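The structure appears below as structure tokens.
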Amino acid sequence: MYAYLTITAGQRAGSNIVLDPAVETRLGRGPECTVVLADSLCSRVHAAISYGEGRWSIRDAGSRNGTYVNQVRTAHAILEEGHIIHLGSTELVFHISDQPPTVGGESGLQAAPTFILGTPLEALDSDPIAQGLARDGEQAQDLLLLYNYCQRLWSCRDPCELMRTAVELIQQRTRAATAAFLLTDATGRLRPRWVIPQPPTRPIELSDSLTRLVVGEGHAIWMAAQEARDASLQHESDALCVPLVLQRSVLGALHITLDHGRFRPSHFDFAISLARIVAPALARLRQQHAAAAELARLHACLPESESPIIFNPGMQALWEQAQNVAVQQCALLQGECGTGKEYLARWMHRRGNAGPLVVFHCAAMPPREVESRLFGHAAADCSLPDCDHGGLVVQAADGSLILKEVAALPHSAQTKLLRLLEGLPLIHPADGTEMLARPRIFATSRQALASYVHSGVFREDLYQRLSMLTLDVPPLRERPEDIEPLAMYFLEAYAALHGRRALDISAEARSRLHQYDWPGNVRQLRGVVELAVSMAAGPRIEVADLHLPGTAPHPPSSLCIEDWERRLIAEALARTAGNVPQAAKLLGIGRATLYRKCEQYGIQRGDN
């Protein structure tokens with residue numbers, strides 16, 4: 001026997017709701033109800049219908065406006081065939097039949113789906129399959145299928161692969177004639193994106209009422225077979241449509257149909273469980289692909305120069321040294337913030353033709369978490385939700401690990417790093433196994449690492465191991481020849497990014513760039529040029545667009561005469577746009593002397 005309600009007045013008029021004798025059916029406005037009524041006169045949980053001792057009954061759940069059966073307000077009543085129930089402004093008729101409910105014929109209402117079940121997914125406190133494990137061995141098998149599917153999801157790298165595997169799994173489990181993965185479009189409607197078989201046995205089209213329930217209200221719907229007078233609305237068998245809900249937003253839906261027969265409640269539960277697994281996985285893949293696309297776009301607009309932009313002789317010598325030792329096991333890169341230590345380490349990594357590259361800032365998190373992040377941890381030992389149990393050392397195996405501000409490493413992590421550099425195995429804290437990963441280590445420090453050794457902050461033996469190859473990156477103020485070429489490189493890149501390819505830098509602005517002392521080095525220069533590209537109103541970047549603090553050069557950082565002679569010559573050439581005779585007049589020296597000095601210091605000059 002089938003017991004069901006037919007909604008004869010209200011938002012879902014014409015719909016049938018099949019009652020489950022094993023489960024109490026709650027009706028009301030709240031999402032925790034089995035039947036959610038969009039009726040302002042209904043209470044959150046208005047009434048409940050249940051089966052017991054061979055009879056169906058309805059009880060009022062303390063509603064504000066009362067529950068009426070055959071126009072009589074009641075707190076509890078036995079339901080018989082044809083009884084009329086009023087909840088607020090919604091009218092329902094109770095039926096008992098030996099046939100499943102159909103629409104048309106008797107009621108005279110417009111044909112509408114018969115909802116076997118309608119469940120708001122956001123209202124579920126726990127997974128229906130997990131709830132049923134104790135009473136149904138079939139659901140234990142379903143849980144195993146879902147567990148195996150969760151493992152497969154970790155290898156999915158593309159939303160299309162996720163959709164295909166989800167559709168294949170639900171079709172295999174339910175033996176559906178048609179299984180489809182639907183995605184919401186810009187208008188809020190569901191459109192098929194992956195369907196099996198191909199071509200489908202029948203077109204997949206959702207009515208406005210069904211779309212409103214699935215997309216608008218986030219309800220999982222089980223529709224029974226229909227016998228409608230209008231042949232276009234005829235359904236030969238059941239259909240399930242389960243939304244993919246994430247944070248009250250519907251991303252899409254799983255939709256399956258049968259050519260013959262009926263779905264079982266376990267099929268409905270399986271579809272809901274699968275949808276709850278697929279929704280966050282789909283969102284994650286979408287975010288990853290969007291981030292990858294944005295990164296590719298930015299790289300296309302601002303490519304990382306494979307050939308470093310260097311004109312300073314000392315910097316050229318440093319880069320040649322780095323090229324010769326790029327394959328070494330470890331290196332220490334020292335220099336002020338923003339000088340390009342990480343860029344140099346990345347360049348050496350590429351020259352070494354190694355595998356993955358992992359970058360870690362040792363001072364960016366509490367010391368107690370640094371060791372766990374680098375060398376792994378037991379699952380219960382780390383408070384970081386995204387922390388990989390294997391650690392970054394394992395991730396960088398056969399590749400390179402850049403340790404920024406290595407002096408901030410706690411002593412316990414310094415001990416493990418020394419063992420790693422000496423080729424000794426490390427014990428993984430999660431399972432006690434030995435780790436033999438040996439990534440190349442590039443350690444950076446903005447101050448001389450030896451000063452940390454003298455103060456007892458850094459281990460001397462680890463310093464000696466790292467400093468076997470030390471590269472001291474000079475600040476930008478000590479290589480003035482590189483200021484303008486770097487500025488022009490950043491200008492070209494950011495102008496293309498902002499659609500201002502014809503933009504240039506005025507002679508006064510170039511001179512200001514040379515006068516400035518650049519305490520933030522190349523990183524500061526890059527930021528200044530990026531902001532200037534956005535701020536420039538005309539075809540050239542002017543001094544006012546640079547937004548540099550102060551108007552005069554900073555106090556001298558060096559008392560070496562050659563350093564200041566080199567700087568003065570570069571400044572004179574910048575002010576005269578490379579005109580050697582005019583620059584010689586500004587400097588008060590002869591033209592031949594200036595030519596000789598330019599050759600001595602490796603300064604490029606104009607031919608004017």
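All values reported here derive from a predicted model rather than from experimental measurement.
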Mind running side chain to side chain contact (heavy atoms under 4.5 Å, CB included) on L246 and L282 for me, showing each step along the way?
CA-CA 10 Å; L246 185 67; L282 177 63; over 6 Å; no

Is the shortest side-chain N to carboxylate O distance from E24 to R59 below 4.0 Å?
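Looking at R59 together with E24, the answer is yes, because their closest N to O distance falls below 4.0 Å.
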
Charged N-O contact under 4.0 Å between E530 and R526
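Salt bridge: no.
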
Verdict with supporting geometry, L182 and V214, side chain to side chain contact (heavy atoms under 4.5 Å, CB included):
CA-CA 11 Å; L182 314 178; V214 175; over 6 Å; no

When you measure from the side chain of N65 to the backbone of L41, do you find a donor-acceptor pair of N or O atoms at a distance under 3.5 Å?
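Confirmed, N65 side chain pairs with L41 backbone.
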
Could you point out which residue of I256, T257, D238 forms a side chain to side chain contact (heavy atoms under 4.5 Å, CB included) with T174?
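Single pass found, and it is I256.
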
Quick one, H361 with E405, criterion side chain to side chain contact (heavy atoms under 4.5 Å, CB included). Give me CA distance, side-chain angles, the key distance, then yes/no.
CA-CA 6 Å; H361 200 303; E405 296 305 320; 3.7 Å; yes

On the 0 to 90° scale, with breaks at 30° and 60°, tag the W222-F263 ring pair as parallel, tilted or perpendicular.
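W222 vs F263 ring planes: perpendicular.
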
What residues form a ring pair (Phe, Tyr, Trp, His ring centres under 6.0 Å) with Y68, not counting sequence neighbours?
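Per chain and number, Y68 pairs via ring pair (Phe, Tyr, Trp, His ring centres under 6.0 Å) with no residue.
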
With a 4.5 Å heavy-atom cut-off, do Y2 and N16 have their side chains touching?
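The answer is no; the side chains never approach within 4.5 Å.
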
Could you check whether any side-chain heavy atom of L27 comes within less than 4.5 Å of a side-chain heavy atom of L5, counting everything from C-beta outward?
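Yes - at least one pair of side-chain heavy atoms lies under 4.5 Å apart.
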
Which heavy-atom pair separates E80 from F94 by the least distance, and what is that distance?
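In this case the closest contact between E80 and F94 is O-CD2, 3.2 Å.
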
